Amino acid sequence: MFEKCEAIVIRATDYGETNKIVTFFTREWGKVAAMARGAKKPSSRLSAVTQLFTYGYYLIQRSRGVGVLQQGDIIDSMRATREDIFTAAYASYIVELTDKITEEHQRNPYLFELLLQTLQYMNEGRDLEILASIYETKMLSVMGIPPKLDYCAICGRTEGKFSFSIKEAGFLCHRCEQYDPHRIPLSAAAVRLLRLFYYMDLSRLGAISVKEETKKELRSVLSSYYDEYSGLSLKTKRFLMQIDELKKVSSSRKHQAESESGNG
């Protein structure tokens, strides 16, 4: 029996000459995989609906293993995401992260809504780095490795200047800094944003502007924390780092060209 679900395509793997095995993250059932017969053919009615990041309604015959996809109706194709290499890189990272930490057939409406909202914001052109940082921060509780962000991990104080300790899995106040010589120094803005990212309702995200130095602090904390506690090794994370370097080089060349043009 085919059942209807609301879903996001988080992975699509070629199978044979014309088929795909598509992994969906659904609102109703969590993660499920389904065979999309003929989906590799451009003329197939399943071709467009099985594109990565696509959000829509799908008819799937479920099974314990790989089910069968009958049809799909697109709600949002996320076309702008796929057409921009930087946006696609960040979106690929968050869907792979979601794929890696979720088990099949484990319903999680909160995570579905979080993933959908993040992808839609990325598709709209919002700050990719900040959206990725918010998503990473919120996923820590989903993975069962939440950091201590409300108080000092050693003494419990809630006031003062804080740094971040990977060893203690949370903030250290200035009185307890000596407990971790490898702590990561943080500005007041980075401390505030880590707390905000962890607790905020993403659907209420307004315009947000974060300095490059603060973004660097957030990346340092989150990357180190994931490396220490998540046990994940993601291909898209490495690609994302390469893309970021490419972006910096491109931006530097643009500024240089503008400067030379102005001097001319």
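Bear in mind that the values here come from a model prediction, so they are computed numbers and not experimental data.
- Note that the OG1 atom of Thr54 and the CD1 atom of Ile10 stand 13.0 Å from one another [nearest 0.5 Å].
- In this structure, the separation between CE on Met122 and CG on Asp84 is 11.5 Å, given to the nearest 0.5 Å.
- Across every non-hydrogen atom of Ser223 and Lys237, the tightest pair is OG-NZ, 3.7 Å.
- With hydrophobic clusters built from ILVMFWY side chains whose heavy atoms lie under 4.5 angstrom apart, Phe239 shares a cluster with Leu232.
- The ring-ring contact (aromatic ring centres under 6.0 Å, His included) analysis of residues 49-95, with sequence neighbours excluded, yields the pairs Phe24-Tyr58.
- Between the Glu28 side chain and the Glu6 main chain, a donor and an acceptor come within less than 3.5 Å of each other.
- Looking at Ile60 and Val68, their side chains never come closer than 4.5 Å, going by heavy atoms from C-beta outward.
- With rounding to the nearest 0.5 Å, the separation of CE in Met139 from NZ in Lys100 is 13.0 Å.
- We find that Lys216 and Glu212 are not joined by a salt bridge, their nearest charged nitrogen and carboxylate oxygen being 4.0 Å or further apart.
- In this structure, CG on Leu205 lies 9.5 Å from OG1 on Thr118, to the nearest 0.5 angstrom.
- Side-chain atoms of Arg62 do not come within 3.5 Å of backbone N or O of Met1 as any donor-acceptor pair.
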In sequence, state the C-alpha distance, the side-chain angles, and the governing distance for Lys215 and Asp127, and then conclude on side-chain contact (heavy atoms from CB on, under 4.5 Å).
-> CA-CA 11 Å; Lys215 288 182 181 180; Asp127 192 308; 2.8 Å; yes
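- A donor-acceptor pair is defined here as one N or O able to donate and one able to accept, closer than 3.5 Å; no such pair exists between the side chain of Lys138 and the backbone of Leu111.
- Counting only distance, with no hydrogens or angles, the side chain of Thr26 and the backbone of Gly30 share a donor-acceptor pair below 3.5 Å.
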From CA spacing to verdict: side-chain contact (heavy atoms from CB on, under 4.5 Å), Asn123, Thr87 = CA-CA 7 Å; Asn123 197 59; Thr87 312; 5.9 Å; no
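- Between Glu113 and Arg27 there is a salt bridge, since a side-chain N of the basic residue sits under 4.0 Å from a carboxylate O of the acidic one.
- In the hydrophobic clustering of this structure, Leu140 groups with Phe171; members are Ile, Leu, Val, Met, Phe, Trp, Tyr whose side-chain heavy atoms approach within less than 4.5 Å, directly or through other members.
- Looking only at side-chain heavy atoms (C-beta outward), Leu46 and Arg37 stay at 4.5 Å or farther from each other.
- In the hydrophobic clustering of ILVMFWY residues, with side-chain heavy atoms under 4.5 Å counting as a link, Leu97 and Leu240 come out together.
- With a 6.0 Å cutoff to the six-membered ring centre and a 45° limit on the axis angle, Arg126 counts as a cation-pi contact of Tyr121.
- A salt bridge links Glu177 to Arg183: at least one charged side-chain nitrogen sits closer than 4.0 Å to a carboxylate oxygen.
- Rounding to the nearest 0.5 angstrom, the gap separating the CG atom in Asp73 from the CG atom in Leu59 is 8.0 Å.
- Heavy atoms only, all atoms of each residue included: Lys40 and Asn19 are closest at CD-O, 3.2 Å.
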Run the side-chain donor-acceptor check on residues 186-202: report pairs under 3.5 Å with partners two or more places apart or on a different chain.
residue: Ser187; atom: OG; partner: Ala190; partner atom: N; Å: 3.2
residue: Ser187; atom: OG; partner: Glu217; partner atom: OE1; Å: 3.4
residue: Ser187; atom: OG; partner: Glu217; partner atom: OE2; Å: 2.9
residue: Arg195; atom: NE; partner: Leu149; partner atom: O; Å: 2.5
residue: Tyr199; atom: OH; partner: Asp150; partner atom: OD1; Å: 3.0
residue: Tyr199; atom: OH; partner: Asp150; partner atom: OD2; Å: 2.6
residue: Asp201; atom: OD1; partner: Ser203; partner atom: N; Å: 3.1
residue: Asp201; atom: OD1; partner: Ser203; partner atom: OG; Å: 2.8
residue: Asp201; atom: OD2; partner: Ser203; partner atom: OG; Å: 3.2

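- Counting non-hydrogen atoms of other residues, nucleotides and ligands closer than 6.0 Å to NZ of Lys41 gives a total of 12 or fewer.
- With hydrogens and angles disregarded, no donor-acceptor distance shorter than 3.5 Å links the side chain of Ser224 to the backbone of Val221.
- Within the 3.5 Å criterion, the main-chain N or O of Val32 finds no donor-acceptor partner in the side chain of Glu104.
- Arg238 and Ser233 share a side-chain donor-acceptor pair at under 3.5 Å.
- With hydrogens and angles disregarded, no donor-acceptor distance shorter than 3.5 Å links the side chain of Asp14 to the backbone of Lys20.
- Of the charged side-chain nitrogens involved, at least one lies within less than 4.0 Å of a carboxylate oxygen, so that Asp99 and Lys31 count as a salt-bridged pair.
- Within a 6.0 Å sphere centred on CD of Gln178, heavy atoms belonging to other residues, nucleotides or ligands number more than 12.
- Pairing each heavy atom of Pro185 with each of Ser163, the nearest pair is CA-CB, 4.2 Å.
- Residues Leu131 and Met241 fall into different hydrophobic clusters, defined by Ile, Leu, Val, Met, Phe, Trp and Tyr side chains chained together at heavy-atom separations under 4.5 Å.
- Each ring-ring contact (aromatic ring centres under 6.0 Å, His included) pair with one or both residues in residues 201-230, not counting sequence neighbours, appears once here: Phe164-Tyr225, Tyr225-Tyr229.
- No path of Ile, Leu, Val, Met, Phe, Trp and Tyr side chains, each step under 4.5 Å between heavy atoms, connects Val66 with Ile8, placing them in separate hydrophobic clusters.
- Taking CZ of Phe25 as the reference point, atom CG of Leu119 lies at 11.5 Å (rounded to 0.5 Å).
- Between Ser165 and His182, every side-chain heavy-atom pair lies at or beyond the 4.5 Å cut-off.
- Residue Thr50 comes nearest to Ala12 through the heavy atom pair O-CB, 3.9 Å, listed as atom of the first residue, atom of the second, then distance.
- Side-chain atoms of Ser47 do not come within 3.5 Å of backbone N or O of Ser43 as any donor-acceptor pair.
- Scanning both residues, Ser44 and Ala39, for their nearest heavy atoms gives OG-CA, 3.9 Å.
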Test Glu3 against Trp29 for side-chain contact (heavy atoms from CB on, under 4.5 Å), laying out the working first.
-> CA-CA 11 Å; Glu3 300 174 77; Trp29 316 316; 3.7 Å; yes
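- The number of heavy atoms from other shown groups lying within 6.0 Å of CD (Glu159) does not exceed 12.
- When all heavy atoms are compared, the tightest approach of Glu168 to Ala153 is O-CB, 3.7 Å.
- Residues Gln71 and Arg45 have side chains in contact (heavy-atom distance under 4.5 Å, counting atoms from C-beta outward).
- For the side-chain contact (heavy atoms from CB on, under 4.5 Å) with Glu136, the lone residue among Ile94, Leu222, Leu218 that qualifies is Leu222.
- Judged by distance alone, with hydrogens and angles left aside, the side-chain atoms of Arg157 form no donor-acceptor pair with the main-chain N or O of Tyr151 at under 3.5 Å.
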